[in-house]
Number of protein chains: 2
Amino acid sequence: MRSWLADFGQRAYTTVERTALDRLDGWECEAGTGNLRHHSGKFFQIQGLEVHAPGGPVEQWHQPIIRQPEVGILGILVKEFDGIPYLLMQAKVEPGNRNGLQLAPTVQATRSNYLRVHGGRPVPYLDYFRQLTGRRVIADVRQSEQGSWFLGKRNRNMVVEVADEVEVLDGFRWFTLGQVHRLLAADDVINMDARTVLSCLPYTGGELAGALGAHGYQDGAGDADGDADGFRASLVRSCAADQARHSTAEILSWITDTRALSELHTRSVPLDAVTGWRRTDGGISHESGNFFRVMGVTVTAGGREVAQWSQPMIEPCGTGVIAFVVRRFAGVLHVLVRIRAEPGFVDVAELGPTVQCTPQSYARLPRPRLLDVVLEAAPEQIRFDTMLSEEGGRFYHALNRYLIVEAEVEEDSPEFRWLTLSQLSALLRHSNYLNVQARSLVACLHSLSGQHPQH
Amino acid sequence: MRSWLADFGQRAYTTVERTALDRLDGWECEAGTGNLRHHSGKFFQIQGLEVHAPGGPVEQWHQPIIRQPEVGILGILVKEFDGIPYLLMQAKVEPGNRNGLQLAPTVQATRSNYLRVHGGRPVPYLDYFRQLTGRRVIADVRQSEQGSWFLGKRNRNMVVEVADEVEVLDGFRWFTLGQVHRLLAADDVINMDARTVLSCLPYTGGELAGALGAHGYQDGAGDADGDADGFRASLVRSCAADQARHSTAEILSWITDTRALSELHTRSVPLDAVTGWRRTDGGISHESGNFFRVMGVTVTAGGREVAQWSQPMIEPCGTGVIAFVVRRFAGVLHVLVRIRAEPGFVDVAELGPTVQCTPQSYARLPRPRLLDVVLEAAPEQIRFDTMLSEEGGRFYHALNRYLIVEAEVEEDSPEFRWLTLSQLSALLRHSNYLNVQARSLVACLHSLSGQHPQH
């Protein structure tokens, strides 16, 4: 599989050159606001945002933010061969990827993309996700993306099963879920869009019944033997768990309470008016050198919709740490989630990882809770530890260290709750409960159950 | 119970006088926009909204709309006496009620109310809904209100069970769910806020376990005898149904699809700039005489937080029809819901009644689908038929005829789907799936099961 990716990478020739924001072909600064926009008015804009967060570590700030109100499609096609479900994955080159090529969903298209605003080629396999009559829809839910970088962004995460013959185009290949899970353990191979769609797969419950369930994650609790097996068994139990620390009614009430009482307020401001940021070296940076830069690239690509284009991107300053702390209660694995208000969220607050931060930004701020528990974990506590990228179409070299750490910590603050994977999966059927970083970690956690599709 | 209400009504002296908008004490027209606002900046505003609905019966219009971004609390306190759960209900006078007094939840308070912005008395029983630690939260979910009259309004619908002694204040009384259900069949007694909270009660599933379930709605399918019993049996089955016409995955995908593809766009405009509306007789009316008027009232009340106040209100033109068409499939009652985009919704579209309209507004427009099926139903098809009011704190004499009609119609349009009550209850655990009119009808439908709490 790796060699197939490498081979395609050879042929999918791409170069990415840094380009000053005022020299991006097709992009302009809107008169009066300085907002960065495409001359067609499509794709996305970069504007300013004023945020008030009374009681937070920083109570008020300005920042640039991407505005892309369209709902795109991230879709994985599933088909059974000899009774085993396969996922159709795409080798995709994106300008923000450090390594160029990553494994993406079957379809990964903005609305502008699939309506062909830019006059590119049609999006392959799109019809499977737009003509749903007669197909089996396994998942179909709009989910948020980075709430610190996107204003109100949502993509439609879809998994659709087909029975008909499917032609496999160049750059596409069928993978079992087990194969995808093994690749998830490698640095920078499975892209963010694939991870978020994978997180929406229903691992439990009656609705699964068919394809993925039968060959997916049966109860493996019986074969517990040694620490790794014990962990896996607790994970498998967590997917089906009735024995959760908190009832679902309690969890929903906690979320409602946080959302109803949160005081996070935001207001759009012109990009020219964001205080604390300055135009420098062809980009826009924060005075502190922290957070992120707005920068531009010019892309020359072989394997993408159009041969050459320019665009602004967000380039984070520093590598982030995104971690779930997990713990077994009565043999059932629980995940410590933290409820977070991010300025770009559509509905105030979502459940995020236990830890989600860029440590270098906290030099002069209180250290994020449990960051040290995660960074100082002993090797035997670390269940997952991989460098993964955020969306390569908008974010330039946005690498985060994704960790799953087992630790006997307490839930001693109102922002934290222990949830089972079964409870997380139930929430993932609906929009805006889990943020994109938590969804990536849910996909990573599922990959550890060791219950791969049978061959 | 009726006499207790009547008795309280005698003592809760209130007068409501129509008052021109420019003579409302404490209210002003904002300079530059004409938006109606309270001088404190609190409570709510009336502003303008421009709506684009390509493909709809009217593709573009302006209208006044209420902006009240705060999340208030609508809460019912539950307590068991001798093993039977009782709901603490409040006799509440509100200026928009045609009959003055209606039965309301234990707490019905805007955020301004309970933070006492206007310096009124503290809201009784509020602490039960703000200090949740150690209480049993049966329901806690933010739900939308009228999307044609409110911009982005949500209230927190709560049901909380207490074990401690509760002092019953004047104007409050414990009712069984059965008593509340019988009052729901009477015109204009159970107010909208009570109805929406009642709709969020979990009628089925494991989470119910305790109080309401054990004394609520057991399977009554065995006693089917005659048409009414057959209907009740199909309703009880619908609350527990696994045999739904569409899987929950299909329903969620249909909602996601509609929300992702909807083209309803709105933009705030100054109230002074709404075209098609004119200031007349101290209010604001549409040129056609349809839809609604913005008007003002001055209230002198004995039983409310302050003795006298003025406020703008919305007064609908004509009486609306709000109806569920229901049908039995394999002995399981299904409800025909229609997905609707309303300009004030937070998330594009919600599930509404089969029919929701004011017939007189459609004189020159295509007749709403299934309106005639509902209006021409034979007496034996009509399972529920009661005049009920919308929120008496914002809407003046806003009466609708609520109907539940059994009819063998087909689901022959993409906006319609048949759902079981079990599916509707599962959606009601989350925000923004059912609009407030559909929630009222869900409460009415539950009242027909004939399975009252045991005495």
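Every chain is numbered from 1, with letters handed out A, B, ... down the list of sequences.
- Chain A forms more heavy-atom pairs under 4.5 Å with one residue of B:Ile73, B:Thr256, B:Asn432, B:Leu252 than with any other, namely B:Thr256.
- The side-chain hydrogen bond (donor to acceptor under 3.5 Å, both in side chains) search around B:Asn157 returns B:Thr196, not counting sequence neighbours.
- Neither the backbone nor the side chain of B:Ile255 comes within contact range of chain A, judged by heavy atoms closer than 4.5 Å.
- In this structure, a donor-acceptor pair under 3.5 Å is absent between the side chains of B:Gln45 and B:Arg67.
- The ring-ring contact (aromatic ring centres under 6.0 Å, His included) test applied to B:Phe44 returns B:Trp27, not counting sequence neighbours.
- Both the backbone and the side chain of B:Arg142 come within contact range of chain A, judged by heavy atoms closer than 4.5 Å.
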Item to complete: Take B:Leu74 and B:Phe129, measure what side-chain contact (heavy atoms from CB on, under 4.5 Å) needs, and give me the verdict at the end.
Response: CA-CA 9 Å; B:Leu74 311 177; B:Phe129 300 92; over 6 Å; no
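- Interatomic distance, A:Gln423 CD to A:His334 NE2, rounded to the nearest 0.5 Å: 6.5 Å.
- Note on A:Ser253, A:Ala260, A:Ser431: by heavy-atom pairs under 4.5 Å with chain B, the leading option is A:Ser253.
- Top candidate by heavy-atom pairs under 4.5 Å with chain A, chosen from B:Asp347, B:Leu261, B:Val137, is B:Asp347.
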